[in-house]
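Have a look at the structure below before the remarks.
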There are 2 protein chains.
Amino acid sequence: MEILNKLGSLNTHRKHIYGSHSFLETQDLINLSQPLFTLRKKNTLAHQGKPFQGLYVVQCGTLKQIIQHENKKELISHFFLPGDIIGLDAIGEGNYCGTISTIETSGLYHIPFRTIDELPISHSSHMQLLRCLSRAIYLEHSRMWQMISQPSDVRLACFFIMMSCKFSALGYSPHCFRLAMSRKEIADYLCMAIETLSRLVSRFQQQGILSAHGHEYCLLNPTALAAIAERKK
Amino acid sequence: MEILNKLGSLNTHRKHIYGSHSFLETQDLINLSQPLFTLRKKNTLAHQGKPFQGLYVVQCGTLKQIIQHENKKELISHFFLPGDIIGLDAIGEGNYCGTISTIETSGLYHIPFRTIDELPISHSSHMQLLRCLSRAIYLEHSRMWQMISQPSDVRLACFFIMMSCKFSALGYSPHCFRLAMSRKEIADYLCMAIETLSRLVSRFQQQGILSAHGHEYCLLNPTALAAIAERKK
DNA sequence: CGAAAATTTGACGTGATTCAAACGCAGTGG
DNA sequence: CCACTGCGTTTGAATCACGTCAAATTTTCG
């Protein structure tokens, strides 16, 4: 069965790259999977360095991937939302390169396999998978570039726009949505201090760009938000 | 012919990760290549976004890969030294994701192919290539982490140590070597301003850690250098 | 309800960028 | 041979964005 034939058809011209791993048309993958299972919030799906056990597709909920480097400062490499695929960056190495855990109770499909050989896909699909990983290198690089050379307000604006696009694609309102992640998690993802994030959210609210109450966010002025996100240095 | 069978045997425990692309035992690749050719300094080997034309193996000289993002601030993603392979990150996408040009006159082997299908390697080698690309994702991430959360002196110390290892592996002195790249290029690679780099080099010299005359560098106190590189925040 | 955790806000310190000027060095032409 | 020019590098001073520290406030959840 050709599960990867639509690989690469998505996200080819994404503007605000934050490298979420929804490279495939996930329905095909789900057909291969075990029954849906749920994982309560703050549970760990996979530990960094542990052997690869297969991919997961998010059906509902939110997860995060933390890559621990030597010292304890942790960096969140990805958030996973419904439709996203978890574990693509672990296929090759054979180990999960980060710890993946739920932020809220989530529903997941598991596509179990240890090595890529066990996945019933054709030669051409392997090529597509290869292409997919190669693209991920570039996405990582883009993210690095953004984190290094873009000021914090631009990074945050891009983040909100990305989330807006996500929710829009999922059929939800692009303007009002609930983010399961805490401020600290968003800050870690955006490589800034919690306090900086908090100040930025306050500033955006004062400017009437958005409103934030707890985990609920409303984009009141998407144009202004986009202007901040696109601001050249 | 099995050119990728030693894939992944190198660089598995590299400490100071700056992601140079020497993943393969290059001699196998060279056997597949066109005759050696030379490219004068400041010439471009491949342009960002142009179609993939094949891999290159550096025989001698130095090259750099620049990835241009929207605004003009350029980021050097890689330096290529003898033994390194150029273009691995372009295989999948089919386009070069950065502009690759010579810093000094360089000798190169060209392994021409357009798509991975044209490379005469086995299924298991494809797996290895896949593993290789997957690892590159992690390397990119590690570099991001270092650039973001390590202070500039640590980054520079790591850079010198990496270069020292490189030259050592090539059979040259690990303590005294000539770097073809300019200060500006090193600064771009390490994501800092030229002035910051210049100040750091001055400081290291005052501390007796190294001496720098033009493009010639001597590591006078590798222990002290390593202490800076390993310093936790 | 009450303790613990998360968030906000202010004051302050600092590493690194930016601006500016001076310096050294190589190549060119008078 | 020396002035002239352009380029890379160095150095100092000023500035800024962001992180850190600390205290206040709100939210969460048993």
Side-chain angles (χ1 to χ4, degrees), chain A residues 40-43 62 64 71-76 103-105 145-157 159 178-207 210-217 228 231-233, chain B residues 41-42 62 64 71-76 103-104 145-159 178-207 210-217 228 231-233:
Chain A
R40 293 275 172 77
K41 73 157 98 170
K42 295 188 180 179
N43 274 71
T62 312
K64 62 177 172 180
N71 74 18
K72 61 185 172 186
K73 176 157 188 170
E74 59 188 30
L75 209 162
I76 293 184
I103 292 176
E104 60 182 342
T105 303
W145 169 78
Q146 191 154 32
M147 294 303 140
I148 288 170
S149 65
Q150 297 293 81
S152 54
D153 56 346
V154 172
R155 302 208 297 273
L156 181 60
F159 175 76
R178 185 182 172 282
L179 297 180
M181 38 274 196
S182 67
R183 293 280 203 279
K184 166 131 184 55
E185 287 163 333
I186 297 174
D188 283 346
Y189 182 72
L190 295 175
C191 305
M192 59 179 78
I194 325 168
E195 294 93 329
T196 304
L197 176 67
S198 181
R199 272 181 262 267
L200 283 174
V201 171
S202 301
R203 198 187 88 192
F204 284 179
Q205 286 190 94
Q206 278 173 14
Q207 296 174 338
L210 56 82
S211 74
H213 297 101
H215 289 237
E216 295 282 345
Y217 299 84
I228 295 174
R231 198 182 67 217
K232 300 289 184 286
K233 204 177 181 190
Chain B
K41 72 158 93 170
K42 297 188 178 179
T62 313
K64 63 177 174 181
N71 74 18
K72 62 184 170 184
K73 176 157 190 170
E74 59 186 33
L75 209 162
I76 292 185
I103 293 176
E104 59 182 343
W145 169 79
Q146 190 153 35
M147 294 301 141
I148 288 170
S149 63
Q150 297 293 80
S152 54
D153 56 347
V154 174
R155 301 208 299 274
L156 181 58
C158 287
F159 175 74
R178 184 180 174 283
L179 297 180
M181 37 274 197
S182 69
R183 292 279 151 74
K184 168 132 183 55
E185 285 163 334
I186 297 175
D188 284 346
Y189 181 71
L190 294 174
C191 304
M192 59 181 76
I194 325 170
E195 294 93 328
T196 304
L197 176 67
S198 181
R199 273 181 261 267
L200 284 175
V201 171
S202 301
R203 200 186 88 192
F204 284 179
Q205 288 192 92
Q206 277 171 18
Q207 294 174 339
L210 57 82
S211 74
H213 295 101
H215 289 236
E216 294 282 345
Y217 298 84
I228 295 175
R231 199 182 67 218
K232 300 288 182 290
K233 203 177 180 189

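Order of the sequence lines sets the chain letters (A, B, ...), proteins ahead of strands, with each chain counted from 1.
- With C/dT7, D/dT10, C/dA16 as the candidates, the nucleotide lying closest to the side chain of B/R183 is D/dT10.
- Summarising the geometry, atom CD1 belonging to B/I186 is positioned 7.5 Å from atom CG belonging to B/L156; distances are rounded to the nearest 0.5 Å.
- Atom P of nucleotide D/dG8 and atom CD1 of B/I186 are separated by 14 Å, given to the nearest angstrom.
- No side-chain donor-acceptor contact under 3.5 Å links B/S198 to the backbone of B/I194.
- Atom C1' of nucleotide C/dA5 and atom CD of A/E185 are separated by 13 Å, given to the nearest angstrom.
- Relative to the side chain of A/R199, the nucleotides D/dT11, D/dG8, D/dG19 differ in distance, and D/dG19 lies closest.
- Taking only side-chain nitrogens and oxygens, B/T196 comes nearer than 4.0 Å to OP1 or OP2 of C/dT17.
- B/K42 comes within 4.0 angstrom of nothing in the nucleic acid, heavy atoms only.
- The closest donor-acceptor contact from the side chain of A/Q207 to the backbone of A/F204 lies at 3.5 Å or more, if one exists at all.
- Summarising the geometry, the separation between CD on A/Q206 and P on C/dT8 is reported as 12 Å, rounded to the nearest angstrom.
- At a cut-off of 3.5 angstrom, counting only N and O atoms as typed in the model, there is a donor on one side and an acceptor on the other between the side-chain of A/E195 and the base of D/dC21.
- The two residues B/T62 and B/A180 have their closest heavy-atom pair at OG1-CB, 3.6 Å.
- A/S152 has a side-chain polar atom (N or O) that falls below the 4.0 Å cut-off from OP1 or OP2 of D/dC18.
- In terms of position along DNA chain D, the nucleotide closest to A/C191 lies nearer the 5' end than the nucleotide closest to the other residue of the pair A/G214 and A/C191.
- B/Q150 CD to B/L190 CG: the interatomic distance, rounded to the nearest 0.5 Å, is 12.0 Å.
- Between A/F204 atom CZ and C/dT8 atom P the separation is 14 Å, expressed in whole Å.
- If you take CD1 of A/I194 and P of C/dA6, they are 9 Å apart, rounded to a whole angstrom.
- Distances shown here put every side-chain N or O of B/S182 at or beyond 4.0 Å from the OP1 or OP2 atom of D/dG8.
- As a whole-Å value, the separation of A/E216 CD from C/dT7 C1' is 17 Å.
- The separation between B/I103 atom CD1 and D/dG8 atom C1' is 15 Å, rounded to whole Å.
- Taking atom CZ on A/R203 and atom P on C/dT9, their separation rounds to 14 Å, with Å as the unit.
- Side-chain atoms of A/K184 lie closest to C/dT7 of the nucleotides C/dT7, D/dT9, D/dG19.
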